[in-house]
Enquirer: 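This structure is in structure tokens; I'll ask about it shortly.
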Amino acid sequence: MSRSFCSKKPVVFWMKWNIIAAVDTKFDRRNAILMEKKRFDKWNATAAYMLLHFPTWGFYAVITGFSTNVLYDFGFTDSQVSLLLGISTAVAFVLQLGLAELVNRFRIMRVWYVLVGLGLAMLMCNIVVGLPGAPVWAAIAAFGIACMIVQIVPSFSNAIGMDAIKRGSPTDYSMARGVGSMGYCSMSFVTGRMVSALGSAMVPVLGGLCALMLIAGTVWYHFAGERDLKELAPEVEQRKRSGSFLGQYPRFAVFLAASVVLLIGHNLPSNFMYQIMLVKNGGAAEQGLANSITALAEIPVMFLFPLLMRRVRCDKWLRFSCIFFAVKALGLFLADDPGAVYAAQATQMLGYGLYAISSVNYAEMVVGEGESIRAQSYLMATNTVSTLIAVSLGGVICQYFGAQIMVLIALAAVSLGGITIILTAQKTKQ
């Protein structure tokens with residue numbers, strides 16, 4: 001009896017061990033599959049969002065950055081360039097906030113619908129501008145609409161991603177925004193070279209290519225990064241549809257007002273770099289290279305921002321960025337050749353580059369759940385308003401007072417706006 005009982009013990013133990021091992025292996029396999037799926041979902045969503053952000057900022061390089069070149073070929077003066085761009089930007093400001101409110105209040109309106117619609121409209125506008133037999137008035141009107149769309153797209157590109165992230169999407173915003181800067185950089189360089197070699201007819205060609213990328217990126221991101229996410233709670237839905245947004249967040253309103261002033265100083269030289277380059281003994285090729293340097297300089301800080309936020313709070317990075325807006329403007333004023341302009345443009349890494357990524361995160365942190373679309377739309381509206389003022393005044397200032405005076409005014413604007421943000425930005429949790 002004793003021997004029989006003892007002989008069975010190893011057998012029972014062996015069977016139990018194999019059962020446990022089989023169960024553990026099954027769980028390990030299941031966990032490995034789940035981990036692999038999570039990694040795939042993250043990269044699928046982030047890659048789609050990258051494709052969406054590349055043309056979002058590439059439009060600025062192609063359409064806005066070379067608007068003067070296109071309109072010069074239509075016989076425009078600097079003042080007329082400012083007038084057309086000012087009208088386009090004013091309409092963009094109204095449409096941007098109007099569309100944001102519609103999306104915020106009506107469930108049937110989706111951000112990805114808006115982005116696809118904007119992409120199709122941009123594609124059609126560039127086709128009209130590029131058609132050899134198109135009437136001049138139609139081409140000018142189409143280019144004006146394209147300049148308007150450029151101002152609207154970024155707010156919805158940011159909103160669709162930040163809203164999805166807040167609802168559980170694995171999207172990496174910093175990586176996508178870094179690719180957006182790469183889009184601006186590469187499109188600035190390519191457009192500058194192609195315009196220099198083949199003329200401004202290359203602008204609608206490259207603009208149309210960016211429009212196709214925007215449509216593809218939006219559709220892909222909808223299916224990869226935001227379609228199956230949880231819906232907001234009913235009380236959050238109700239709250240986000242009612243009340244004055246700026247009234248609910250007065251300190252955020254002060255930040256927005258200061259940002260307008262800050263970005264006026266940023267957009268004056270950005271939108272009239274061609275005039276600056278002419279004063280510094282450069283041309284269209286140097287203009288494209290100067291613009292691409294700013295975007296190239298932004299890329300490292302875009303990719304590394306999550307690491308930076310682990311060490312220092314977001315609001316502190318926002319404040320720090322304001323200092324370098326003034327450093328860049330002063331560098332442009334003192335530059336006497338294209339090489340010195342390039343050096344000044346490189347300081348954008350710690351200026352607009354750091355501001356662009358930190359301000360989007362800051363806006364998300366200081367508003368409540370369900371307010372992503374409004375927050376990002378109002379934030380990008382500051383850029384739209386500042387661009388409106390900059391393009392309306394910049395050409396006139398260049399024509400009657402010269403590019404150097406324009407840069408000096410930009411320096412005063414970034415100093416005033418930056419000091420206000422430094423003194424009033426509210427403390428964030430991270």
Side-chain angles (χ1 to χ4, degrees), residues 57-82 84-85 147 150 181 184-203 206 264-298 325-349 351-353 387 390-411 413-414:
W57 303 101
F59 282 137
Y60 275 92
V62 178
I63 305 296
T64 305
F66 289 85
S67 58
T68 300
N69 308 64
V70 173
L71 294 174
Y72 272 4
D73 285 351
F74 283 123
F76 277 49
T77 64
D78 284 337
S79 296
Q80 290 170 332
V81 170
S82 284
L84 179 67
L85 295 180
C147 291
V150 168
S181 291
Y184 184 93
C185 172
S186 57
M187 295 308 295
S188 288
F189 183 79
V190 169
T191 308
R193 295 297 174 182
M194 293 186 74
V195 168
S196 183
L198 302 172
S200 64
M202 292 296 100
V203 172
L206 296 172
I264 288 171
H266 170 72
N267 284 316
L268 277 171
S270 295
N271 285 290
F272 294 93
M273 182 53 66
Y274 185 55
Q275 287 86 338
I276 293 173
M277 271 302 179
L278 291 178
V279 173
K280 312 294 183 180
N281 302 311
E286 290 77 14
Q287 170 197 4
L289 180 56
N291 287 337
S292 66
I293 286 172
T294 58
L296 187 63
E298 293 174 1
F325 278 86
V327 171
K328 176 187 169 183
L330 182 61
L332 289 174
F333 180 74
L334 297 176
D336 56 4
D337 58 31
V341 172
Y342 301 153
Q345 294 286 80
T347 64
Q348 185 148 317
M349 174 189 291
Y352 181 76
T387 301
V391 299
S392 299
L393 297 178
V396 177
I397 295 170
C398 287
Q399 184 171 338
Y400 294 103
F401 301 100
Q404 283 290 81
I405 297 297
M406 180 194 70
V407 175
L408 201 58
I409 292 171
L411 176 59
V414 296

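All values below come from the heavy atoms of this structure, side chains included, with hydrogens, waters and symmetry mates left out. None of the values given here were measured: they were computed from a predicted structure.
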Enquirer: Side chain to side chain contact (heavy atoms under 4.5 Å, CB included) with A335: which residues, sequence neighbours excluded?
Expert: K280, A340, V341
Enquirer: Under the side chain to side chain contact (heavy atoms under 4.5 Å, CB included) rule, what do N69 and V203 come out as? Steps first, then yes or no, please.
Expert: CA-CA 9 Å; N69 308 64; V203 172; 5.7 Å; no
Enquirer: Identify every side-chain donor-acceptor pair in residues 187-194 under 3.5 Å, counting partners at least two apart or on other chains, and give the distances.
Expert:
residue, atom, partner, partner atom, Å
S188, OG, Y184, O, 2.8
T191, OG1, M187, O, 2.5

Enquirer: Nearest 0.5 Å, what's the OG-CD distance between S196 and E286?
Expert: 7.5 Å
Enquirer: Quick one: closest heavy-atom pair of A390 and I264, and the distance?
Expert: CB-O, 4.2 Å
Enquirer: For Y352, give me all partners under ring-ring contact (aromatic ring centres under 6.0 Å, His included), at least two apart in sequence or on another chain.
Expert: H266
Enquirer: Would the distance check show the side chain of S67 and the main-chain N or O of T64 forming a donor-acceptor pair, the cut-off being under 3.5 Å?
Expert: yes
Enquirer: Answer yes or no: is there a donor N or O on one side and an acceptor on the other, between the side chain of Q345 and the main chain of A290, under 3.5 Å?
Expert: yes
Enquirer: Run the side chain to side chain contact (heavy atoms under 4.5 Å, CB included) test against A346 and tell me which residues pass, sequence neighbours left out.
Expert: I293
Enquirer: What pairs with S181 under side-chain hydrogen bond (donor to acceptor under 3.5 Å, both in side chains), at least two apart in sequence or on another chain?
Expert: R177, E298
Enquirer: Under the rule for side chain to side chain contact (heavy atoms under 4.5 Å, CB included), what residues qualify as partners of F401, not counting sequence neighbours?
Expert: I397, I405
Enquirer: Partners of T77 by side chain to side chain contact (heavy atoms under 4.5 Å, CB included), sequence neighbours excluded?
Expert: S79, Q80, Q399
Enquirer: Please round to the nearest 0.5 Å and tell me the distance separating atom CD1 of I276 and atom CZ of F333.
Expert: 11.5 Å
Enquirer: Once rounded to the nearest 0.5 Å, what's the spacing between atom CG of L393 and atom CZ of F272?
Expert: 9.0 Å
Enquirer: Output the distance between atom CD (Q404) and atom CG (L334), rounded to the nearest 0.5 Å.
Expert: 8.5 Å
Enquirer: Minimum heavy-atom separation for A410 and P269, please, with both atom names.
Expert: CB-CD, 3.9 Å
Enquirer: Would you indicate whether the side-chain heavy atoms of K328 and V414 approach each other to under 4.5 Å?
Expert: no
Enquirer: Quick one: CD on Q275 to CE on M277, what's the gap to the nearest 0.5 Å?
Expert: 12.0 Å
Enquirer: List the steps and the verdict of side chain to side chain contact (heavy atoms under 4.5 Å, CB included) for V70 and F74.
Expert: CA-CA 7 Å; V70 173; F74 283 123; 3.7 Å; yes
Enquirer: List in chain and number order the residues that pass side-chain hydrogen bond (donor to acceptor under 3.5 Å, both in side chains) with D73, two or more places apart in sequence or in another chain; answer none if no residue qualifies.
Expert: S200
Enquirer: Which residues satisfy the side-chain hydrogen bond (donor to acceptor under 3.5 Å, both in side chains) test with Q287, sequence neighbours excluded?
Expert: none
Enquirer: Find the distance between CG (L332) and CG (L408) and round it off to the nearest 0.5 Å.
Expert: 12.0 Å
